[in-house]
*Asks:* 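Below is the structure I would like to discuss, written out as structure tokens.
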Amino acid sequence: MGEKLFTLSFDDGTEQDIRLIGLMERYGIKGTFNISSGIFGRKTYIKRVGNGGKTALEADPMHPELYVNHYILSEKEALRVYSSPNVEVASHGTHHLVQSDLTKIQAEEEITRDFRRLSERFGCRIFGHAFPKDTFNGNVIDALRQNGALYARRVSRQRPKDLSFDRSSLILMPTCRHCDPFADELLSEFISAPAGRDDMVFVMWGHSYELDYGTSLACWEHIERMFQALSRAKDIKFVTNRELYGT
Ligand SMILES: [Zn+2]
């Protein structure tokens, strides 16, 4: 008999992760935080654009309401925040570079160094990666395999056909983003579906700073409602990304 498995996969390691992890602990949700070991403490801003965002180095002082903080946790804070038992730490590239044109040496710097540093700092093996801006090439894939990555997460752009899951693929395609217009409907279908012969897997991805946008879908109230609905289901197992792969 298959299991129903739910996991979160959130990127960038910003300060809003503290509040999100508080909610995860309250509702028993588990997940993976993809962070970059070379940019701890970096402070930028994201301009609110509908349910999306646009990076800005400085907020327009005349219109601060148009921006949300993209303050990456310091290393010290990160060590404390991600020590939650509900959380796995994974790689998001040492410097969060676009990865589509990286040479072999640059891929080593972005992937191998990130895996090594995170492993040293957090005192555990690093099992996976999320591609910054959904970009990668063959050098990146080679470096991920050399570092024993079990998964490398992309981003989803459309509603998936089903909730089946392929553990043999290095590429992890998430099910939906927390603020997708179809997220609620898809989650309701997952919650109400009876377990089948094969596992059903729901991977929700996003960034916790998006919850500060304050739109109807990209807000704290929406994700808490989804966590509440999940926590009431008796047949869902909450896992980190690593645990999806049985490790
Ligand atoms: Zn990112």
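Here the structure is a predicted model, which means the values were calculated and not measured. Because only heavy atoms are used, hydrogens play no part in the values below, and waters and symmetry mates are left out as well, while side chains stay in. Whatever order the structure lists them in is the order used to number ligands and atoms, beginning at 1.
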*Asks:* Find out whether Val87 and Thr240 are in side-chain contact, i.e. whether some heavy atom of one side chain is under 4.5 Å from a heavy atom of the other.
*Replies:*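 Heavy-atom side-chain distance check fails, nothing below 4.5 Å.
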
*Asks:* With sequence neighbours excluded, give me every salt bridge (Lys or Arg N to Asp or Glu O under 4.0 Å) pair touching residues 221-231.
*Replies:*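 For residues 221-231, and leaving out neighbouring residues, the salt bridge (Lys or Arg N to Asp or Glu O under 4.0 Å) pairs sorted by first residue read Arg26-Glu224.
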
*Asks:* Could you label the plane-to-plane angle of the Tyr67 and Tyr45 rings as parallel, tilted or perpendicular, counting under 30° as parallel and over 60° as perpendicular?
*Replies:*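 Plane angle over 60°, so perpendicular.
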
*Asks:* Are there over 12 heavy-atom neighbours, none belonging to Asp162, within less than 6.0 Å of that residue's CG?
*Replies:*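 Enclosed: over 12 neighbouring heavy atoms sit under 6.0 Å from CG of Asp162.
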
*Asks:* Taking the Zn ion (ligand 1) as the center, what protein N, O or S atoms are found at less than 2.8 Å?
*Replies:*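 Per the 2.8 Å query on the Zn ion (ligand 1), atoms found are Asp12 OD1, His92 NE2, His96 NE2.
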
*Asks:* Would you call the rings of Tyr82 and Phe122 parallel, tilted or perpendicular, taking 30° and 60° as the class edges?
*Replies:*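 Tilted.
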
*Asks:* Give me the ring orientation class for Phe190 and Phe6: parallel if the planes are under 30° apart, tilted from 30 to 60°, perpendicular past 60°.
*Replies:*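 Rings of Phe190 and Phe6: tilted, 30 to 60°.
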
